[in-house]
Amino acid sequence: MRYSLYVCYLVGLFFLGTYHYYQNWKNGLETGDTSGYYFWLPSAFIYHDLPNPEITNRARCKAFGKPEIAMSELWPEGVRGDVVLNKYTMGMAVLYAPFFAAAHVLAPVLGYEADGFSMIYRYMIYLSGVVYGFLGLLVLRRVLLRYFDDTITAWTLVAVGLASNLYFFASWNTAMCHAGQFLLFALLMYCTEKWYESPRLKYATGVGALAGLITLIRPSDALCVAIPLFWGLTSISALRARFLVLKKHWMHGIAAVCSAIAVGFPQLLFWKIYTGTFFYYSYGSEGFDFSNPHLLEGIFGYQNGWLTYTPVMYLAILGIIWLFRVRNNYLLPVVLILPVQLYVIYSYWGWQWTNGYGARPMVEYYTLLSIPLAGFLSVAFTRRWSRWPAMAVVVLLAVFSIFQEWQFHQGLIWPELGTRNFFYSTIGKTKLDAKDLLYFDGAPVQPADPAALKKVKTLYFNDFEDSTGVEFTRTDRYAGQFSFCFNQAQQFSPGLAVEPVGPEVRPGRWLKVSVWCMRKHNSGNIYKMSSLVTYFGHEGKELAYYGIRLENKPGNTEGSIWAGKPDVWAEVSYFVPVPENIRESDLLKVYIWNPNETMIYIDNLSVELYK
């Protein structure tokens with residue numbers, strides 16, 4: 001049977017259909033990582049302005065109708081004042097190149113400007129991830145069939161293609177590097193298998209070139225060299241045989257190294273010319289802290305946590321037991337690469353790995369993890385009582401992955417800012433309610449029945465009626481004569497600041513913090529919103545801190561984290577449990593913080609104590 005081949009085609013159609021349904025390419029290449037990856041191509045082949053692509057940037061501004069777009073994806077370092085070094089290497093430009101060339105040919109034919117940024121370029125560059133994700137599955141199928149039957153291979157491809165976050169990067173954020181890396185890793189595994197099966201120069205050269213390109217795209221993925229180095233080393237006798245093979249075919253090893261260097265040489269030469277050194281760290285202060293890895297938060301947490309958003313990989317981890325039992329050829333590559341990769345990616349300064357869904361640096365390693373994943377399924381499928389549950393788990397996790405991508409598109413989730421309460425509160429939801437929005441902001445678990453709580457007293461109330469300061473205005477107000485309006489010099493509102501809190505604010509009780517607010521601007525940027533802050537402190541140290549966004553609450557009929565309307569007054573309120581370790585002498589503060597100086601009006605700030 002060829003079920004596994006049909007699965008590849010089916011998953012590929014899913015990629016393509018989802019790609020056209022969401023049409024994420026329409027706003028692509030404007031800013032961010034993909035723009036930085038891509039800048040090499042129009043700068044080199046259209047505007048010829050490397051290494052300072054100012055002309056290219058002006059073309060980008062024109063294409064997107066912006067007077068100015070900061071070249072934040074380019075790192076203005078280097079040894080000469082006229083050098084603006086792209087912090088991203090040129091590896092992804094290599095993978096984009098065929099699609100860039102096709103777009104450049106099609107642009108005048110289809111009536112688009114051949115400027116490198118018109119819609120045809122965006123469409124084609126983003127399409128590359130769809131194609132590479134599909135091709136990666138086809139190559140991975142060839143590898144899996146060497147160890148497993150067609151049925152197990154088919155189900156493994158469903159798990160990897162639809163139940164993991166490969167689906168996201170092969171259908172939504174497709175111009176990121178991960179679908180392309182997925183294909184390259186699969187090809188590396190295939191060439192490794194072929195060389196050890198029948199040592200030939202073309203396979204050795206392929207191994208080297210693939211490892212070189214993988215490393216050029218993401219230098220941290222240089223770990224991939226462990227695949228050909230440790231493949232098949234399952235015993236001492238296998239190690240001895242390996243030395244004999246390498247001794248006999250030593251020229252192949254040199255060819256592999258030379259091909260890897262050849263792939264990376266243009267980048268090394270570019271750095272040498274413009275920085276004076278062949279090896280240059282272009283990311284500036286964005287580095288690694290190997291003394292403080294965020295392993296638990298990164299793997300199990302809710303800010304793009306690996307297993308939280310790709311739970312199908314639990315099956316792959318369980319399948320490592322199978323690797324040991326059968327001494328599979330990928331035993332050493334898996335057990336050596338997986339812990340090192342996790343340690344490296346969660347030692348990075350931005351360990352939440354924004355601009356995606358789940359742990360995006362793990363996507364390419366699913367090629368390797370597909371072996372233990374298939375091993376787990378092969379064991380489960382041998383018993384009738386476990387076969388159907390295993391199939392059901394894969395299907396349910398695929399549905400979970402597909403549905404969460406839909407939620408992502410609708411603005412119902414944003415994993416890089418996820419919280420535990422928000423994650424579980426939004427499972428299966430098609431619209432967010434007020435409590436969900438609070439949980440997204442990091443609010444504590446709210447009382448199950450607020451009406452059952454009894455009010456003790458009002459700790460603070462400010463209707464902003466008692467001042468003639470410039471921040472107090474009659475222009476827009478909820479009640480009375482005045483409201484408080486933030487201006488460009490004002491980040492903090494008047495609020496409650498009491499120390500000591502006294503005996504009444506004690507564990508087991510709740511604070512209800514509320515304010516009426518209204519924004520004047522249209523922006524729904526969740527990274528630039530004001531916060532209704534509650535702070536408990538002890539001797540200068542934080543006991544608890546909560547900051548609830550304001551601007552996406554008034555007029556939010558869509559039930560989305562990005563929604564909300566200007567010129568609408570609404571009350572924003574939430575309950576805060578008094579910390580268990582609070583003392584009578586501790587500090588309580590409640591205020592509004594507006595760090596981005598956006599225009600927002602507030603009225604009737606209130607803090608009430610409940611029991």
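What you see below is based on every heavy atom in this structure, not just the backbone, and it leaves out hydrogens, waters and symmetry mates.
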Could you check whether K66 pairs with E30 (Lys NZ or Arg NE/NH1/NH2 to Asp/Glu carboxylate O, under 4.0 Å)? yes
Close aromatic pair by centroid cut-off 6.0 Å: Y348 and W353: yes
Tell me if the centroids of the rings in Y302 and Y424 come within less than 6.0 Å of each other. yes
By ring pair (Phe, Tyr, Trp, His ring centres under 6.0 Å), F400 pairs with (sequence neighbours left out) none
Ion pair present between K455 and E608, side-chain N to carboxylate O less than 4.0 angstrom? yes
Would you say I413 and F423 make side-chain contact, with heavy atoms under 4.5 Å? no
Should we say atom NZ of K565 is surrounded by more than 12 heavy atoms from elsewhere, each under 6.0 Å from it? yes
Short side-chain donor-acceptor distance under 3.5 Å, T310 and N165: yes
Pairs where residues 497-515 contributes a residue and the test salt bridge (charged side-chain N to carboxylate O under 4.0 Å, His left out) is met, not counting sequence neighbours: K457-E504
Using a 4.5 Å cut-off on heavy atoms from C-beta on, say whether the side chain of Y574 contacts that of Q446. yes
Kindly state whether the ring of F575 and the ring of Y610 have centres lying under 6.0 angstrom apart. yes
Among residues at least two apart in sequence or on other chains, which ones pass salt bridge (charged side-chain N to carboxylate O under 4.0 Å, His left out) with R218? D221, E364
Between F64 and R122, is there a cation-pi geometry (under 6.0 Å to ring centre, at most 45° from the normal)? yes
Should the pair D441-K553 be classified as a salt bridge under the 4.0 Å nitrogen-to-oxygen rule? yes
Is the shortest side-chain N to carboxylate O distance from R360 to D33 below 4.0 Å? yes
Just checking Y357 against Y309, ring centres under 6.0 Å apart? yes
Run the ring-centre check on Y37 versus Y88 and record whether the distance is less than 6.0 Å. yes
